[in-house]
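One-based numbering, in listed order, for ligands and for the atoms of each.
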Amino acid sequence: MSYSKWILCLILHYLNTVKALEFHHSHPRITLSAKDASFWRHSRNGSHTRAELLQGPRVNSIYVGGHRKLFLMDFQNSSRSKEVTMFENECRNHKLPGTCEYDITMVHAVKGGSSLFVCGTNGIQPVCCYMTLSKGDFGPCSVELAEGIAPFYVKEKAPSLYIGDELYTTANLYVQGDGVGIRRHYGKRGRISSSANKTEQRFVGLAVSGPRADPLQDRIYGFVVERSMDQHPEADPWISRVIQVCKADSGGTKSILERLWTSRLSTRLYCGITEKKLHFSYLLDVTVLHADSWRDSRVYALFTNGWGMRAVCVYTMGAIDQVFMNSDFKNSVGSVSKNRSRMCVENSKALPREVLRQMKDYQEMEDWVRPLKDHAPFLVSHRHYRHIRADKVTGRGLTQHTVLFLSLGNGAVHKVLEQADHPFIIAELRPFRNKTHIQNMLLQPSVKKLYVSSSTEVMELDLYDCQSYGHWCEECVKARDPYCGWDGTKCTAASGNEIQDIEHGNCTVCEGAGKNGKYTPPREVYSVSPSAKFFLQCPMLSSHALYSWHHKGRLIECLIVESQCLLLIENMSTELQGNYSCVASEGGYERTQVQYELRTEGKARRLASSLSTFVCLLVTQTLLI
Ligand SMILES: *[C@@H]1O[C@H](CO)[C@@H](O)[C@H](O)[C@H]1NC(C)=O
Ligand SMILES: *[C@@H]1O[C@H](CO)[C@@H](O)[C@H](O)[C@H]1NC(C)=O
Ligand SMILES: *[C@@H]1O[C@H](CO)[C@@H](O)[C@H](O)[C@H]1NC(C)=O
Ligand SMILES: *[C@@H]1O[C@H](CO)[C@@H](O)[C@H](O)[C@H]1NC(C)=O
Ligand SMILES: *[C@@H]1O[C@H](CO)[C@@H](O)[C@H](O)[C@H]1NC(C)=O
Ligand SMILES: *[C@@H]1O[C@H](CO)[C@@H](O)[C@H](O)[C@H]1NC(C)=O
Ligand SMILES: *[C@@H]1O[C@H](CO)[C@@H](O)[C@H](O)[C@H]1NC(C)=O
Ligand SMILES: *[C@@H]1O[C@H](CO)[C@@H](O)[C@H](O)[C@H]1NC(C)=O
């Protein structure tokens, strides 16, 4: 086989694989834009390359870091919103005047929420400060050195965690790069670093693995993507890993691992379908959904591959721990795997020299971490997802469902239900008026709000916004949104007692819904003059439904224009009089969406003629496309 044929064959193989993977319902069921749902808007003064988001002091409020400024946005009462210009003094003292370009790269709540820890970048002179808050007002900020804490560049992603009095960071230590690693600052146990790696690395997430029964055993997990050292042309250029360090670690002795982690272990995160040779090796984002027991806590990881496809793989903390506790060490011989300690110790400085040497020499595990669910990705898609967030929703009879939020390249967010067989995309939310790049997302599970930021705006999305699914029980149940349910009169925020069927969206549950839930389609009567051009329209709310028109027992297909199912009447005549119904059929359930009765009359209504002009425009538009 020639080379080009082989390549073609490979491409066809991929396309077939991809087709097989594209699940039946890979489209969002409904699309909600600002005109259909209530999204709350807050503009950021200026234009920003980055958005650091942190829960604010009140419900419906968040802190937003941006270019030179820190904002407090209050979505309930905008007169309580504030902004402050950060690092003005540092700007004044700057070596090169006129280059004061600070971007905020880190915002943490510290000291029980009474202070903020804020860091900013200036190309090569990052700076951090502790800001005291008094009654929600920004106070003065006392400056700290930011070496190895905050990124040098506004585009450098460096996740960090402030736990108690300890700060864990992953920023680059050197302007030129290559100094990425987990570091700990402040606190009683002192500063600990990672020995710099020669290969290019980017940290994507940091999480606590705990609290465990013995707090001494609590660990920090870092999720990282690094350039592969494998020079083989078919090898993936990137590999993704999870790295652990013990919270209790205080480093080694003067001769071995001084001020470096003695508990650092690393393993690969696998995401793909081995038998189809489909691998996702570039980690884009991770989010952790904590469970009552740390072992059941789940890591939702978003990956991409060289084909630009996306996959979400789900891992448990228990599975990660299993590999770190039991796998052999890579390139180890004989008894090392049994001897090398994997437990966190009270005082790592007191460890015997032999043990420390092993800790230095053996850090990489032989086994990889594999995802839940038969080791396959939970979702595979061609959509350009960029961020992932996960929420747990308690529904009817205390059943729990997981909902994922995946940001898209055009400013939209997919709300996805996690279910056993395949993901169900409940809705595409389009909070922004224009296409835009989503910089960051913050989920506030306690109040069920999602914040989404662009370069100029931050939007608040109420996850309990259920009215937009429709005004009938069937529509509410078909939506399969765990945040919503039918309370007998409307689709409303779920509290556990509503009518709902998240698993199947089976509308038969509505039969006992009472007369308010009974669906009666709207009906309109039009008088149309003979020979007139005319059209009827029916909104196509669900992309999972098939729509058609029915007239005197005859089925007429839709003309689909901008999510409307249209029926064109080229030349009105007496035979075309009568009742028309637009029927939506979805998963074995049929219902009449709208009904019209057409009558011929000597004189047409004005409405009819203006509509016909509109349809001419629409049809021309469609033909031109
Ligand atoms: C935006 O910033 C400008 C200049 O810093 C300031 O004069 C203006 O009041 C700010 N606008 C708002 C809404 O804060
Ligand atoms: C909004 O906040 C301002 C300033 O704190 C306060 O005076 C006002 O009463 C608040 N309005 C409402 C509706 O809460
Ligand atoms: C760092 O470098 C070491 C040795 O060069 C290598 O074994 C390891 O895989 C690299 N990456 C990480 C994340 O440890
Ligand atoms: C492993 O530990 C045993 C007993 O503690 C010791 O005899 C042996 O030499 C150790 N092996 C290595 C490779 O360190
Ligand atoms: C959306 O785009 C239009 C045209 O490009 C522009 O005039 C308008 O200001 C934009 N709106 C927002 C909210 O950015
Ligand atoms: C819906 O539920 C009813 C009653 O449980 C059942 O008879 C019917 O087959 C279900 N329909 C679908 C489409 O699953
Ligand atoms: C509409 O139908 C009538 C009668 O069937 C016919 O006379 C007329 O020419 C038609 N008009 C158009 C525009 O086709
Ligand atoms: C259209 O339907 C309505 C209500 O179902 C009925 O009253 C009416 O007689 C029907 N019209 C025709 C022409 O069938």
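Within the 4.0 angstrom cut-off, atom 9 (O) of ligand 6 has no protein heavy-atom neighbours. Within the 4.0 angstrom cut-off, atom 14 (O) of ligand 8 has one or more protein heavy-atom neighbours. Distance screen at 4.0 Å: atom 5 (O) of ligand 7 has no protein heavy-atom neighbour inside the cut-off.
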Exercise for the section: Check the pair Cys473 / Cys510 against disulfide bond (SG atoms under 2.5 Å apart), numbers first and verdict last. Expected result: CA-CA 6 Å; Cys473 180; Cys510 287; 2.1 Å; yes

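Contacts of Arg523 with ligand 8, taken as heavy-atom pairs under 4.0 Å, involve the side chain alone. When heavy-atom distances to ligand 8 are checked against a 4.0 Å cut-off, Glu597 comes that close only through its side chain, counted from C-beta outward.
Counting non-hydrogen atoms of other residues, nucleotides and ligands closer than 6.0 Å to CZ of Arg58 gives a total above 12. In this structure, Glu503 places its CD atom where more than 12 heavy-atom neighbours from other residues, nucleotides or ligands lie under 6.0 Å away.
Short contacts between ligand 6 and Gly587, defined as distances under 4.0 Å to a heavy atom of the residue, involve ligand atoms 13 (C). Here is the list of ligand 6 atoms found below 4.0 Å of a heavy atom in Asn506: 1 (C), 2 (O), 3 (C), 8 (C), 10 (C), 11 (N), 12 (C), 14 (O). If you number the atoms of ligand 8 from 1 as listed, the ones under 4.0 Å from a heavy atom of Asn579 come out as 1 (C), 2 (O), 3 (C), 8 (C), 10 (C), 11 (N), 12 (C), 14 (O).
If you check the gamma sulfurs of Cys491 and Cys476, they are less than 2.5 Å from each other.
Between Phe75 and His42, the angle of the ring planes goes over 60°, which puts this pair in the perpendicular group of the 30/60° scheme. The aromatic rings of Tyr580 and His551 lie parallel to each other, their planes meeting at an angle below 30°, with 60° marking the opposite boundary.
Residues Glu498 and Ser495 bring a donor and an acceptor atom of their side chains to less than 3.5 Å of each other.
Among protein heavy atoms, the minimum distance from atom 2 (O) of ligand 7 is reached at Asn571 ND2, 2.4 Å.
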